[in-house]
Every structure is written in structure tokens, then in C-alpha cells.
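Worksheet: one structure, shown below.
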There are 2 protein chains.
Amino acid sequence: MQSASMETKANSNMSSPKATDFGTALCIITGASKGLGRSLARKIAGLLKPGSVLLLVARSGDKLQQLQADLVSSEAGTAGLQIRCVVADLSHKEGVESVVRQAKETSCSGIDRLLLFNNAASLGDVSRYARSFTNMDDVDSYLSFNVSSALCLTAGILGAFPHRIGIRRCIVNISSLCAVKPFSSWVLYCSGKAARDMIFRVLAEEEPDLRVLNYAPGPLDTDMLLQARTFTADATVKESISAMHSEGHVLTCEESAGKLLKVLLEDNYPSGAHLDVYDV
Amino acid sequence: MQSASMETKANSNMSSPKATDFGTALCIITGASKGLGRSLARKIAGLLKPGSVLLLVARSGDKLQQLQADLVSSEAGTAGLQIRCVVADLSHKEGVESVVRQAKETSCSGIDRLLLFNNAASLGDVSRYARSFTNMDDVDSYLSFNVSSALCLTAGILGAFPHRIGIRRCIVNISSLCAVKPFSSWVLYCSGKAARDMIFRVLAEEEPDLRVLNYAPGPLDTDMLLQARTFTADATVKESISAMHSEGHVLTCEESAGKLLKVLLEDNYPSGAHLDVYDV
């Protein structure tokens with residue numbers, strides 16, 4: 001009986017252009033302890049049916065557990081949303097494997113939706129120019145965390161939840177304008193984001209039953225933006241970030257997370273697309 | 001007197017739209033033992049003035065030394081072009097460092113041009129889809145060889161030969177259509193090439209005195225294409241490569257190398273551009 005009700009739900013979601021929730025889902029968010037990841041967790045919690053599982057991943061256990069506690073006591077939590085935390089460092093394969101393992105262990109036989117938000121990322125050292133990156137270890141470790149882990153986590157999760165009638169799978173890559181436009185003194189960030197976008201474009205080609213989105217969330221009022229404003233070597237780029245900030249052109253994480261979830265609910269984007277918050 | 005003649009040469013190259021050679025150059029080519037790298041070495045040898053140094057980099061010592069022997073006994077070699085070999089594996093930092101060290105040790109006080117061709121690359125495992133890349137080590141080592149090494153080698157060479165009046169520096173990234181278009185079952189190659197293009201777009205932003213080109217050489221009759229024809233998992237992509245091959249739409253390395261060198265001599269491309277052989 002439970003599975004029949006799931007089936008109905010999935011069908012009604014598919015046929016309706018006005019979905020108002022994500023059904024009964026397993027939703028995984030990396031980098032969930034702060035910034036956009038945390039806002040996504042908070043917002044999506046209210047859009048998941050009871051019985052859904054929200055798997056929050058971050059390096060920082062304290063912040064993650066605080067978020068978990070908030071969500072458990074929220075309306076969604078009391079209504080039956082399960083919130084699980086995985087403290088993992090995605091710059092190492094053990095971290096990625098641990099997320100996949102804990103996703104597998106989640107009891108989610110009744111889900112009709114899988115949602116993975118590849119949100120975790122780092123800015124890299126923006127205090128210097130490309131010509132100074134002579135040390136391969138620095139570049140390797142940046143790419144490992146920002147590129148390899150996104151591919152391998154996605155692959156692991158897709159392997160754990162393979163194509164099955166009645167389960168809709170959606171993979172989101174948190175991208176950036178930097179994936180498509182070069183910025184002086186941001187060589188790691190730009191090339192890492194470009195690589196990630198391409199990974200998910202290839203994935204969309206390969207898996208027609210998946211829904212894949214590269215979402216550029218805009219300049220957000222986060223620790224990363226503070227880091228960018230403080231350390232960017234290129235004076236012009238640095239000033240333009242400061243100007244955006246002082247002139248109020250920086251978006252809140254809540255606002256951008258809301259726009260992303262709206263796009264996902266409407267479900268009209270071409271799979272593999274790069275969508276900017278300003279185009280929403 | 002030698003340096004005065006260099007100065008004149010550099011000036012005449014700069015003012016003339018019809019340069020027919022690259023002056024007295026230090027020219028570094030990675031992946032030089034076969035395919036496009038070898039064709040570039042052979043072709044550019046005839047376009048370098050006596051006193052130039054051609055630094056050929058590859059993993060395979062035998063093939064590299066054969067090429068060196070051929071070039072030493074060629075017209076350019078007998079006229080005074082020096083050909084040096086560096087046997088190095090660019091998937092490890094020791095390999096990258098060894099190329100930079102040997103470039104530094106090259107006696108090239110009289111050069112008026114620096115040319116670096118980042119050509120070395122691998123296809124990656126195309127026999128499987130993105131969803132199978134669960135092992136971070138595989139992805140890390142692919143990115144290290146194909147992305148990190150190109151950035152770190154370029155940075156090392158630019159550090160060894162900093163901006164100086166009278167020396168024109170040009171950095172070429174051998175790119176691909178795959179840098180801008182996703183192909184099913186080629187996730188490593190596509191994302192690696194996308195990352196590389198972005199690295200060199202950022203570099204072009206940062207260093208206005210540099211000339212930077214991302215050159216997509218087209219489908220070439222190389223070992224890599226054979227590998228692609230043989231192992232590509234996606235039937236449609238595999239068939240289209242085979243069809244290109246059987247219908248004669250594959251270019252020779254000589255042809256594509258010739259077009260690249262023509263573009264570099266004409267020197268009209270916007271720095272940082274992605275240029276496809278079919279646009280030349």
C-alpha cells in the first residue's frame with residue numbers, strides 16, 4: 001500500500017507543471033554546514049514529504065549538528081523528516097566513500113526521488129596569479145576536492161541508487177559564473193568550476209533518465225565572498241567584488257537557494273544546462 | 001652586435017603582418033615523441049633561426065632520440081638549430097620540475113621568442129561512463145597529468161623567462177572540441193580539456209604581454225584516435241569516430257600542425273581564444 005501511494009505521488013509530480021514539493025526523497029547536500037548548503041538544507045526541509053531523508057555532509061561536525069538539531073525541531077522534523085549528518089572531508093576518497101556508504105545504509109525503500117546537491121567547494125588561493133602555481137601538489141589537491149570528489153560522489157550515489165521505475169533522480173552541481181568566464185587571479189576556482197560543469201554536461205548526455213543542472217548561484221554573502229574580497233590579487237576584480245558588496249548587489253543564500261529550488265520544482269530546464277541565478 | 005640584430009628581428013616581426021619565421025626562439029614541446037607533438041617539432045624546426053633551441057619533452061626516450069637524430073641531421077639542424085631532449089613523465093611533479101630546470105639551463109641569452117606548446121595529454125578511460133568513476137585515485141591521476149602539469153609547467157617556464165623587453169612569449173594549449181562540447185563516455189577527456197582551456201583563458205587575462213592560444217587541432221590520425229575508435233563505450237560516439245576515419249575526415253598531424261603554426265605566425269588571434277582547426 002505504501003508503494004502504491006508512492007507511485008501515485010511520482011506520477012502526479014510528473015504530470016503536473018505545478019509541483020509544490022519534492023515528494024518522498026533522499027536528499028544529499030554537501031558543504032551543508034554553512035552558506036548556500038545550509039540555506040538549501042533549511043529550505044528543502046519544508047519541501048520534502050514525511051519519510052524523506054535529508055543527508056547533510058560537511059567537514060565541521062559542530063555546525064552540522066547544530067543545523068541537524070534546528071531541523072529536527074522544525075515543522076518538517078516533527079512531521080517525520082529524518083535528518084542525518086555525515087562528517088566527512090571530500091578532499092579524500094575515504095570521505096567520499098563514507099558519504100556513499102551512509103547514503104546506502106539509509107532506509108529509504110519508500111522514496112520516489114533522489115536529489116544530490118554537489119555544493120562543497122573551495123575558492124583556492126586567489127592571492128596570487130596563475131604564473132605562481134608551480135607546485136603540482138597545490139593544484140592536485142585543489143582539483144581533488146573540487147573536481148574529482150564531485151564526480152566520484154555522484155558516481156557512487158548513482159551506483160547505490162541505479163535507474164528504477166518510480167524513482168526520479170536529480171543531480172545538481174553548484175557552479176559559478178567562473179565556470180564560463182575567466183577572472184584574473186582565480187585560476188583554480190575558474191578551471192575547477194569549468195571542469196565540474198563539463199562533468200555534469202557529459203553526465204547529462206550519458207544518462208537521459210537523469211535530471212542534471214549546473215546552477216550558478218550568483219555572488220553570495222558567504223565566507224567565500226569575504227575571502228575573495230580580502231585576498232584577491234587582481235585589484236580590478238577585488239574592487240568589483242567590494243563594490244558589489246557595498247552597493248548591495250550580493251544575494252543572500254536564502255534568496256539563491258529559493259530560486260534553485262523553484263527551478264527544480266518547475267523542472268523545465270534542459271538536462272545538463274548551465275543556469276545562472278540571474279536567468280531565473 | 002648579436003643582440004642588436006635580435007632587436008631588429010623582433011621589431012620587424014612585430015611590425016610585419018607577414019612573418020615567415022619565429023626568429024631566434026626557445027621552443028618547448030611536450031608530448032613530442034609522436035602524433036601532433038612530433039609533427040609540430042618537425043615543422044617548427046624549419047621556422048626557427050639558427051641559434052634557436054628546440055626542447056622536446058616526452059616519456060619515451062627512444063622515440064624522442066630518434067626524432068632528435070632526424071632533426072639534427074635536417075637542414076635546420078645543420079644550420080645551427082639546437083635540439084635537446086628531456087625524458088620526463090609530466091604526471092609527476094619531478095617530471096615538470098625537470099623540464100623547467102632544463103629549460104633554465106639552456107643557453108639562450110640571444111633569444112627573442114619563447115614558445116611553449118602544452119601538447120602532452122591522455123584520453124583517459126573512455127570504455128566506461130561517468131557513473132562508473134567512483135575511484136578518486138583514477139580521476140586524481142588523470143587530472144594531475146592533464147590539468148595540473150599544464151598549469152605548473154607553464155608557471156615554471158614563465159618564472160624562468162619573465163617578462164622582458166625584446167622577448168615575445170607565447171603559450172599554446174593543445175585543446176579539443178571536447179573542451180567546449182560534451183561527449184558521452186569521455187568524461188575525463190572533456191572535463192580535463194575544459195579545465196585546461198579555462199586555465200589559459202585566465203592566464204591571458206592576467207598577463208597582457210603574453211600571447212595565449214587554445215588550439216583545437218581537429219580529429220587527428222594518431223594513437224589517441226585509434227584508442228578512441230577502439231574503446232569508446234558510447235556506440236554513437238564510437239561509430240561517428242569510425243565514420244570520420246573511414247570517410248577520410250581525419251586530418252593528418254602535419255596538416256593540423258601547419259595550420260597552428262600559420263596562426264601563430266600571423267599572430268592575429270585574441271589572446272586566450274579557443275581556436276578550432278576548422279576555423280583556420
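To find a chain, count down the sequence lines: A is the first, B the second, and so on, and within it residues start at 1. Values below: all heavy atoms of this structure, side chains included; hydrogens, waters and symmetry mates excluded.
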task: Could you go through the side chain to side chain contact (heavy atoms under 4.5 Å, CB included) check for B:Ile241 and B:Leu225 one step at a time?
output: CA-CA 8 Å; B:Ile241 301 167; B:Leu225 197 78; 3.9 Å; yes

field: side chain to side chain contact (heavy atoms under 4.5 Å, CB included) assessment of B:Phe117 paired with B:Thr30
entry: CA-CA 6 Å; B:Phe117 293 89; B:Thr30 67; over 6 Å; no

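B:Ala204 does not touch chain A: none of its heavy atoms, backbone or side chain, sits under 4.5 Å away. Only the backbone of A:Phe183 comes within contact range of chain B, judged by heavy atoms closer than 4.5 Å. Heavy atoms closer than 4.5 Å to chain A are found nowhere in B:Val237, neither backbone nor side chain. Using a 4.5 Å cut-off between heavy atoms, B:Glu97 does not touch chain A at all. If you measure heavy-atom distances from B:Asp140 to chain A, the contacts under 4.5 Å come from both the backbone and the side chain. Contacts of B:Lys181 with chain A are made by backbone atoms alone, with heavy-atom separations under 4.5 Å and no side-chain atom involved. When heavy atoms are compared at a cutoff of 4.5 Å, A:Thr236 does not approach chain B at all. Heavy atoms of A:Leu90 lying under 4.5 Å from chain B belong exclusively to its backbone. When heavy atoms are compared at a cutoff of 4.5 Å, A:Ser141 does not approach chain B at all. With a threshold of 4.5 angstrom between heavy atoms, A:Val187 approaches chain B through its backbone and through its side chain. With a 4.5 Å cut-off on non-hydrogen atoms, B:Leu188 touches chain A through its side chain but not through its backbone.
For the pairing with B:Arg196, the side-chain hydrogen bond (donor to acceptor under 3.5 Å, both in side chains) check across B:Asn118, B:Asn173, B:Asn146 returns one residue only, B:Asn173. If you run side-chain contact (heavy atoms from CB on, under 4.5 Å) between A:Ile28 and each of A:Val86, A:Leu56, A:Val99, only A:Val99 comes through.
For A:Lys104 against A:Ala160, the heavy-atom pair with the smallest separation is CG-CB, 3.5 Å. Residue B:Glu206 comes nearest to A:Trp186 through the heavy atom pair OE2-N, 4.0 Å, listed as atom of the first residue, atom of the second, then distance. Across all their heavy atoms, B:Tyr142 and B:Tyr189 have their closest contact at OH-CA, 3.3 Å. Here the closest heavy-atom approach between residue B:Lys193 and residue B:Ala121 is recorded as NZ-CB, 3.8 Å. Contact between B:Leu26 and B:Ala103 at its shortest, heavy atoms only, is CD2-O, 4.3 Å. Minimum interatomic distance between B:Gly37 and B:Ile29 (heavy atoms only, all atoms of both residues): O-CG2, 3.8 Å.
In terms of heavy-atom pairs under 4.5 angstrom with chain B, the leader among A:Thr154, A:Val180, A:Leu210 is A:Val180. Listed options B:Asp137, B:Val147, B:Leu203, B:Asp234 were ranked by heavy-atom pairs under 4.5 angstrom with chain A; first place goes to B:Asp137. In terms of non-hydrogen atom pairs under 4.5 Å with chain A, the most contact-rich of B:Leu158, B:Val96, B:Leu151, B:Asp138 is B:Leu151. For chain B, the option among A:Gly192, A:Cys190, A:Gly156, A:Ala179 with the highest count of heavy-atom pairs below 4.5 Å is A:Cys190. Heavy-atom pairs under 4.5 Å with chain A peak, among B:Ala194, B:Ser144, B:Cys152, at B:Cys152. Contact tally against chain A (heavy-atom pairs below 4.5 Å) for B:Glu205, B:Arg201, B:Glu207: the top residue is B:Arg201.
Both tests pass for A:Arg59 against the ring of A:Phe145: distance under 6.0 Å to the centre and angle within 45° of the axis.
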